[in-house]
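Below is one structure, written out as structure tokens, with a few remarks after it.
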Amino acid sequence: MKLIHTADWHLGRALYGRKRYDEQGAFLDWLLATLSAEHADALIIAGDIFDSGNPPNRAQALYYDFLCRAAATTCRHIIITAGNHDSPTFLDAPRELLRALNIHIIGSAGSPVDETLLLRAPDGSVEAICCAVPYLRERDIRSVDAGESGDDKARKLLEGIRAHYAATIAHAETLRATHGADIPLIATGHLFAAGGSTTDGDGTRDLYIGSLAHVPADAFPATIDYLALGHLHRPQTVGGDPTRRYSGAPLAFGFGEAGQEKSLTLVTFAGRRPHISTLAIPCWQTLVRIHGDWPAIKNRLHDLAASTAPVWLEIEYDGAEHIADLRERLQQQTEGTLLDILRIKNNRITARVLAQDHAAERLDDLDPNDVFSRCLDAHNIPAEQRPDLHAAYRQILTDIREADNNAE
């Protein structure tokens, strides 16, 4: 049996206002071709199919179009579990209809019976068992007691995750004893395993309050033959065990991931023994982060200007010279090219805004309205002008958020 494992599509996600539907559509086309080329029997999507619980119409169209086309390939089983960005109710709504296409959706955490799937070969025999565990919300796995401490919460949370996996795998083991001891047992999860790594700016959210998110490797029963994980966007294993793996996200979601090779995981079973490899995912949009003083930035832009494909840029200026017209200079350097600057960080102005009495702060720690107020202070804007400027700024933020939420 051959399985493809992917996760964290985040359909509908934008990068600094730039829509990414073309890239997401290109990835889904490539994945469809890969399913056919590899003659995959099963596809697992381990959570965060969408970037929000109420995805835009165009994101939904990409999703359902892919499922219809994938169901028409030789891939016999498609297993989809919810992530922390997904709405369990939204994913579950068409579950019964999609089941007719051998598409199995587990949006909400349920009982071991609900989450355990028997994957059947064309002759009707069971070729694999999948414990399709979605993102486990706190209300799914622990009770809340008055007066409990943070340590109590952490302990009960991890106990709940362990108990959920133990019960689900135990049920799967009883089924394996009935259908054949050599049948592979696959499990899914959407969580932050201890030792996992993230990349600056990749958008990975903390799953639980405080430092409760990291699940130890021994929380997953040893009888799992392959554990398909989602949530972390960098491809990686858990504790060095190749059978416990994050496929990673198919696209770079932040400039910290610029140049990072994306992949999905291909698992071929010989009985219960998995052979695991990765398939590199093409890059459809180049991201480049430029950091340095003005001569270094200018030289790098000059080198990139010859690009024959669009390049999205993040530029971080940290030279000693105070450059008030940095944006204008950058526009002049990129005019007439395929270079598109999505973000500019002027560290000289940032340092001035934060000021000496806020030296311990970082820009990313501040609320956007606080930053705007600091900017007004730094540029000595008269008090009588500030109410209108604040109102205009708040309206801009609202318009941006609404545009992202309603984008097609």
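Numbering starts at 1 and runs along the sequence shown.
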Problem set entry | Basic-acidic side-chain contact under 4.0 Å: R95, D92 | yes

Exercise. Taking 4.0 angstrom as the limit, do R386 and D377 come out as a salt bridge?
Worked result: yes

Exercise. Which class fits the ring pair Y393 and F372: parallel under 30°, tilted 30 to 60°, perpendicular over 60°?
Worked result: parallel

For this session: On the 0 to 90° scale, with breaks at 30° and 60°, tag the F255-Y16 ring pair as parallel, tilted or perpendicular.
Result: parallel

Exercise. In terms of side-chain heavy atoms, does H164 have a donor or acceptor partner in E115 at a distance below 3.5 Å?
Worked result: yes

For this session: Check the angle between the aromatic planes of H85 and H10 and answer parallel, tilted or perpendicular using the 30° and 60° thresholds.
Result: perpendicular

Exercise. Do the side chains of R176 and T223 get nearer than 4.5 Å, heavy atoms only?
Worked result: yes

Problem set entry | Under-4.0 Å salt bridge between E96 and R99 | yes

Exercise. Does one side chain, of D241 or T243, offer a donor that lies under 3.5 Å from an acceptor on the other?
Worked result: yes

Exercise. Would you say R18 has more than 12 foreign heavy atoms packed within less than 6.0 Å of its CZ?
Worked result: yes

Exercise. Do NZ/NE/NH1/NH2 and the carboxylate oxygens of R162 and D218 come within less than 4.0 Å?
Worked result: yes

Exercise. Hey, is D370 close enough to R374 for a salt bridge, meaning N to O under 4.0 Å?
Worked result: no

